[in-house]
Trainee: 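Submitted below is the structure of interest, expressed as structure tokens.
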Amino acid sequence: MRSLNSRLRTGFWLTLVLMLIAYSAMLGREAMVRLDSLSTAASDDIRWNMSQLEVELLRLQSASFKAQSGEPADLAALRTRFDIFYSRSQIVLHGALYGSARAVPQVRSKLTTLADFLTDSLEIVDATDPVLVTRLPEFATKVELLSPEVRDMALTIVNTSARAADIQRVKVSETLRRLALAVLGLLVALSIFALLLLRLYRSGQLVSAEKEAVKSRFEAAVRSALDAVLVVDTDGLIVEFNGGAEAMFGYSRSEALGQPMADLIIPPHYRAQHEEGMQRFRKYGTSRVVGRGHLRLEGMRKSGEVFPVELSISLAETSDQLVFVSFLRDITTRLRTEHELREARDIAQAGAQAKAELLTVMSHEMRTPLNGVLGSLELMERDQLSPKQLRLLRAIRVSAELLLSQVNRVLELSRLESGMIEFPKEPFALVTMVQRLTESLNAAAEEHGNRLRLNVIGDDPGIVLGNRFALQQALVNLLGNAIKFTRNGEISVEVERLADGRMVEFRISDTGLGIPAEDIDRIFDEFVTIDAAYARENPGTGLGLSITRRLVWALGGEIEVESIEHEGSLFLIRLPLEPGEPVENASENEKEETGSLSGKRVLVVEDNDINGMLLLDMLEEFGCQVKLERDGFDGVAAATSTHYDLLLVDISMPGKDGLATLREIRAQEDPATHVPAIAITAHVREQDKKRFVDAGFDGFLAKPISMAQLQKEMSALLLLPEEAAAAEPSIAQDFIQRFGDAEYRRYLVEMVDELSAISNDLARGDLTDALKAHVHKQAGSAAILGQIDLHAVLQEIEAASPGDWAACMDGVLGRLKSELAAIRVVASGG
Amino acid sequence: MRRLAIALSLLVGTLLAPVGHVANAGEELLVISASDGSVTRLDLGDLKALPVSEIRTRTIWTTGVQEFRGVALRDLLDHVGAASGMITAVALNDYLIQIPTSDATIPGPIVAYLHNGKQMSVREKGPLWVVYPYDDNPVYNTEEYYARSIWQLIRLEVPR
């Protein structure tokens, strides 16, 4: 706006000045013409001529007197005088000099008189001498008469010309005055214009100074930039090359300036592409690299070394020239670091993965033999043992049970770590749950002389929405710890809904040992056990707190700890537990508890006899009505003909496996009457779980199955509360309790006999599918009967490929035979 | 017969009257006296023998464009070998004017002996008239040059 204003103003003044100049020039020209006419008007000449006319007339008069003597010379003189007068008169009569005078009437009449005189006189003057002499007196009279007329005319003409000259002079002075005024105006306008120009010049100077400052700042920035900065013109020639570029490419600035960039720093295999790009830019003004942010390309040093660069190119206009400004960064080190980091990360990830898998597989592989150990121990306890033997046996059992629980914890942690466990939310009565929990732990607390108290601060949170099992487990872990590390003290649980209405805070405090300050930061880490006074009596895996923390995190909450050594600890959990709607009959269900499974109709599809019998027995003890089918075909038929409340399906079955069986059942069932199904399998890895869910299973149980696990899983699916009992009795123990020792032995002998027969078939070197199916069936029996080594050998046979069998057959069969012999001793010896 | 002769002479006289007497061939027209005492006398033939110059211009003493033919002053001065300085020009009526030799340029003033193709009588400001090319050069339109435009020229005094 301002610049437009000033431009308009400048234009106005410029126009004015130009107009004044034109006007002054016009006036100047007029003044010149007028002055010219003053100098050429020849008013002096007019006067001179007039006086000369009179003079010539007088001389003519005098000559005419003199000629009266009659002398020829005098006559000739008279004639000459007449001719001179005549010629002079012609000027007045016809000359341009007297043009304006002749217009005056007074003059005109005199001129007529003059002309008449001349005409009359010619006759006399041009006559012969004698005639002239005779007529001289007449001529003299004419001349005498003319004299006053000429005098009169001369005066009139002189006066007229003087007036004309005056008028001329007045006009000239008027023109000059106007000229002076115009010039004055011009001067004023020019002064203003000059002032305006001065101001423009000053502001221009300011602007250019500013530009200069910006430019020098930019140049300083370019020169001092750590990155390499290259400025290249549209012909590809380098116009700026900063210190960073010198260091990066190895050329000095003076070497690089004016050189084609392509030859200097672009590796040969990129040059054609670069030239193409430049041509495209020159032709169409478009580019694939300008203003496209950071690009990764390659550069070349003076030494010819090619290295990776990251660069950004922008287009700029400096002093009417288009240039490309490129910022380049040598990313050799960065790329190498990135590569190393990536490798390290991959290695770490692979390591973590391997660790997780190892833990899972190992724990799983440990569980089965442990169950075998525990089962055998129980069997031994029934025998007649000396008190010492019995004591040793119990010690072994305690250790084995501890080991089993630790293995279970490791499994649990790795499941939590994998993040694949979901915690669906359901409404439950929070305080009721916590109350029941503290009641169940009361006995353990009292054992150590502790008092366990529950305080609800503020209003009862009532029904909340959350995962009760995860929360329950977290609280059990913390309370268990508190009980373990406190003697004759007090343990309290506080529950409080926080002001935001969303979060609930649990505070578990004890008056126990406390945690040393230097350990408090790592107590949530895996496998950390604090070497405390009761550590010997309280051996642990060091996984409890880290499982707890993972549970809390998985529930979207947070956990904190405060502790003073020898005074006590305070664990604090804050969880999002929004108020929920009570489920119908929720309280009734709570009270119903045990026995809720009774009357449920359950279909078991299991090809392994022992397993099938075991499940049947357990389910009947729950009060369920059970139907057992030996393969998938019968299973599908039974499920579709009768309605069941629950399906238990073995995954590995010959002919139609469990997945196919359930898929077929699901395909035929009415979606409204969805029957929950549990997979029974030896495989419990996470990737297997997905396959089960995809096939339509709602849960799964790993072999060997304990009653507690079965009850827990069934209760969860049939929407019933868990019946308590955290401990997992061993499978072999279950078996013996259920069927007695004799039956156990009988099954062992039966298995060994069958395997001996199979072993003979295997020794023929032909590993057929039918043989493998037999081996699989016996492997299941071996697991249930606690024969772990045998189970491992059988699995090895199952996994072997028929092609390789002949090669490894001898070794494997040798081990199988020695296992079978050992078992036969156990089965028969007792 | 006599009466006829008288009538004829009268007629001729009337016709010739305004023209007046013009110079005859061989009649001395101009006397150029140099400062060293030498004198050059020129008749019309002498003048015509010199290079001819012509001027077409208007003058304040006549009406309309006039054609003058004669000798360029420069040629005339060169003819008599004049040095530079002041020329004094004298007319039949004793009019006298000084003309600097620097005026004698080509183009420039001429000493005219023909006006509109005719010889000039004394009544017509003849027989010789110094004329400047007034229309060609505005400098000549001043009193100074008008005064130097001497007619009825009979004598020149030149430095030598």
Side-chain angles (χ1 to χ4, degrees), chain A residues 32-33 35-49 51-53 55-60 63 76-102 115 118-128 131-132 161 165, chain B residues 5-6 9-23 27 57-66 90-97 115-116 119-129 132 134-135 137-154:
Chain A
M32 284 273 288
V33 170
L35 282 170
D36 217 35
S37 76
L38 260 191
S39 62
T40 59
S43 51
D44 289 347
D45 217 46
I46 287 174
R47 276 174 228 166
W48 160 259
N49 258 312
S51 63
Q52 282 303 300
L53 189 67
V55 168
E56 303 293 1
L57 187 58
L58 283 174
R59 290 171 83 173
L60 176 62
L78 172 66
R79 285 196 179 97
T80 301
R81 283 298 151 204
F82 178 78
D83 283 356
I84 290 170
F85 180 72
Y86 186 98
S87 76
R88 183 73 69 182
S89 301
Q90 293 306 310
I91 296 171
V92 187
L93 287 168
H94 303 296
L97 195 57
Y98 294 96
S100 52
R102 281 196 294 271
L118 290 176
T119 317
D120 294 349
S121 305
L122 276 178
E123 187 194 347
I124 298 166
V125 176
D126 288 347
T128 52
V131 176
L132 179 58
S161 85
Chain B
I6 293 168
S9 79
L10 274 176
L11 181 67
V12 169
T14 312
L15 283 172
L16 292 176
V19 175
H21 168 75
V22 296
E27 187 180 337
T57 185
R58 284 168 298 168
T59 77
I60 58 168
W61 309 282
T62 55
T63 307
V65 175
Q66 312 292 317
V90 182
L92 189 60
N93 66 342
D94 304 324
Y95 177 75
L96 184 146
I97 190 79
H115 180 199
N116 292 334
Q119 276 185 252
M120 293 170 279
S121 66
V122 174
R123 290 175 194 167
E124 292 158 332
K125 301 184 183 66
L128 298 175
W129 188 352
Y132 285 78
Y134 311 102
D135 284 357
N137 192 342
V139 169
Y140 296 138
N141 291 312
T142 56
E143 296 288 344
E144 202 178 0
Y145 287 96
Y146 292 155
R148 289 176 192 168
S149 305
I150 182 168
W151 59 76
Q152 293 160 349
L153 174 71
I154 53 169

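Every value quoted in this text rests on a predicted model; they were computed, and no experiment measured them. Numbers restart at 1 for each chain; the letters A, B, ... are given by sequence-line order, proteins then strands.
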Trainee: Restricting to ring pair (Phe, Tyr, Trp, His ring centres under 6.0 Å), what partner residues turn up for A/Tyr98, sequence neighbours left out?
Mentor: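 Per chain and number, A/Tyr98 pairs via ring pair (Phe, Tyr, Trp, His ring centres under 6.0 Å) with no residue.
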Trainee: Counting only heavy atoms closer than 4.5 Å, note whether B/Thr62 contacts chain A via side chain, backbone, both or neither.
Mentor: backbone
Trainee: Measure distances from A/Arg79 to the heavy atoms of chain B and classify the residue's part below 4.5 Å as side chain, backbone, both or neither.
Mentor: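 Neither part, no heavy atoms under 4.5 Å.
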Trainee: Quick check on the 6.0 Å ring-centre criterion: do B/Tyr132 and B/Tyr145 meet it?
Mentor: yes
Trainee: Looking at B/Tyr95 versus B/Trp151, is the centre-to-centre ring distance below 6.0 Å?
Mentor: no
Trainee: Going by atom type alone, with no hydrogens or angles, which donor-acceptor pairs under 3.5 Å involve a side-chain atom of residues 87-97 of chain A and a protein atom two or more places apart or on another chain?
Mentor:
| residue | atom | partner | partner atom | Å |
| --- | --- | --- | --- | --- |
| A/Ser87 | OG | A/Ile84 | O | 2.9 |
| A/Ser87 | OG | B/Gln152 | NE2 | 2.9 |
| A/Arg88 | NH1 | A/Asn49 | OD1 | 2.8 |
| A/Ser89 | OG | A/Phe85 | O | 2.8 |
| A/Gln90 | OE1 | A/His94 | NE2 | 3.3 |

Trainee: Taking every non-hydrogen pair under 4.5 Å, which of B/Asn93, B/Thr59, B/Thr63 racks up the most with chain A?
Mentor: B/Asn93
